[in-house]
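Have a look at the structure below before the remarks.
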Amino acid sequence: MREVCVITGGGSGMGLAAARCMPKEKIIVLSGRTVQKLEKAVKELEALGYEAHPFACDTSKRESVRKMAEYAASLGNVRNVINAAGLSPAMAKPEQLLRVNALGTVNVNQEFSKVMRPGSVIVDVSSNSAYVLPDFMVGKASLRRAEQDPEGFVRKFLRLCSLVPGEYQKSGLAYALSKKFVCKYAQMCAFAYGEKGIRVVSLSPGLIATDMGNLEAGEGGKMLQFTAEQRMGTPEELGYALATLADERNGYLCGVDVLADGGATYGKKFGKSKVH
Ligand SMILES: NC(=O)c1ccc[n+]([C@@H]2O[C@H](COP(=O)([O-])OP(=O)(O)OC[C@H]3O[C@@H](n4cnc5c(N)ncnc54)[C@H](OP(=O)(O)O)[C@@H]3O)[C@@H](O)[C@H]2O)c1
């Protein structure tokens, strides 16, 4: 049976870059909301010698994700899921950020864990924005609420965001909360799915020169001074990092977040001069 690698948000950016790093024996499924973008990306992969398929899916919609998981399983053994679908503060209002980034991750992890077998892996993409918030802001109760009462989860975090002045700032807080959620939810899933042999890990990029990263370069660019090399990351670097985490040979890397931000978080926290 052929192995299948599903990449949400795979039509562009680091998701597409990750696809280019996957072994060519795997069938690649690229998903996102914009069909033309997916078709273009699939053609690009086919030209490189991959078998790739587009699948239109909005990860914030449970039914849409369920169909994608069933479709992927009909193609073969779903071995790798890279969940790179996401929106940033400049792209969406707080509610959509919570629905896509946070609840989308619940939908993907839950629906794919139903069709995945032992030896498979889910990599959820978070952000180094998760590290600006203290852990208690997204506690265990919020993780459970997102599964059991998603509307209540959205209402609770929207109330919090409404306390912050400024539209961009409200979205910024919603983004950070949603990405903190991704790290902690992926960790919870690692232990929930461990018995089934499904490994779960998350990756938190810093500012990366994708369409999204370029859009956020004004505000996000303030962090670049704290990176070791004073630069943005490239989609190719992050694509490689994602593919590495999704590689079966990394089988003991589980239940953690991997911070791939060029050193920005620690450079800011401790001061670059004190770090070296
Ligand atoms: N670039 C950065 O600086 C940066 C930093 C930290 C974290 N991240 C995270 O990295 C991930 C990848 O982003 P990127 O930088 O590669 O940007 P990107 O090129 O904009 O990729 C994001 C992809 O997600 C898809 N998407 C958005 N909403 C979706 C939804 N509801 N359902 C399904 N797909 C959806 C988009 O396609 P459609 O619009 O066609 O659906 C797009 O192809 C995101 O989760 C992002 O939050 C990025």
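Please read all numbers here as calculations on a predicted model, not as lab measurements. Start at 1 and go down the list; that is how both ligands and their atoms are numbered.
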Nearest-contact summary for atom 6 (C) of ligand 1 - protein heavy atom, Å: Pro205 O, 3.4 Å
Protein contact of atom 31 (N) of ligand 1 - nearest heavy atom, named by residue and atom, plus distance: Asp58 OD1, 2.9 Å
From Gly213, Gly206, Ser127 - option closest to atom 4 (C) of ligand 1 by heavy atom: Gly206
Nearest neighbour of atom 18 (P) of ligand 1 from the list Ala56, Cys57, Ser12, on a heavy-atom basis: Ser12
Heteroatom distance test ([X], ligand 1): nitrogen or oxygen, under 3.5 angstrom:
X: Ile208; result: yes
X: Lys37; result: yes
X: Gly15; result: no
X: Ala84; result: yes
X: Asn128; result: no
X: Thr59; result: yes

With backbone taken as N, CA, C and O and side chain as the heavy atoms from C-beta onward, which portion of [X] lies under 4.0 Å from ligand 1: side chain, backbone, both, or neither?
X: Val100; result: side chain
X: Glu216; result: neither
X: Ser204; result: neither

Side-chain donor/acceptor of Lys179 to backbone N/O of Val125, under 3.5 Å: yes
Worked check of side chain to side chain contact (heavy atoms under 4.5 Å, CB included) between Met14 and Ile82: CA-CA 10 Å; Met14 52 188 99; Ile82 297 177; over 6 Å; no
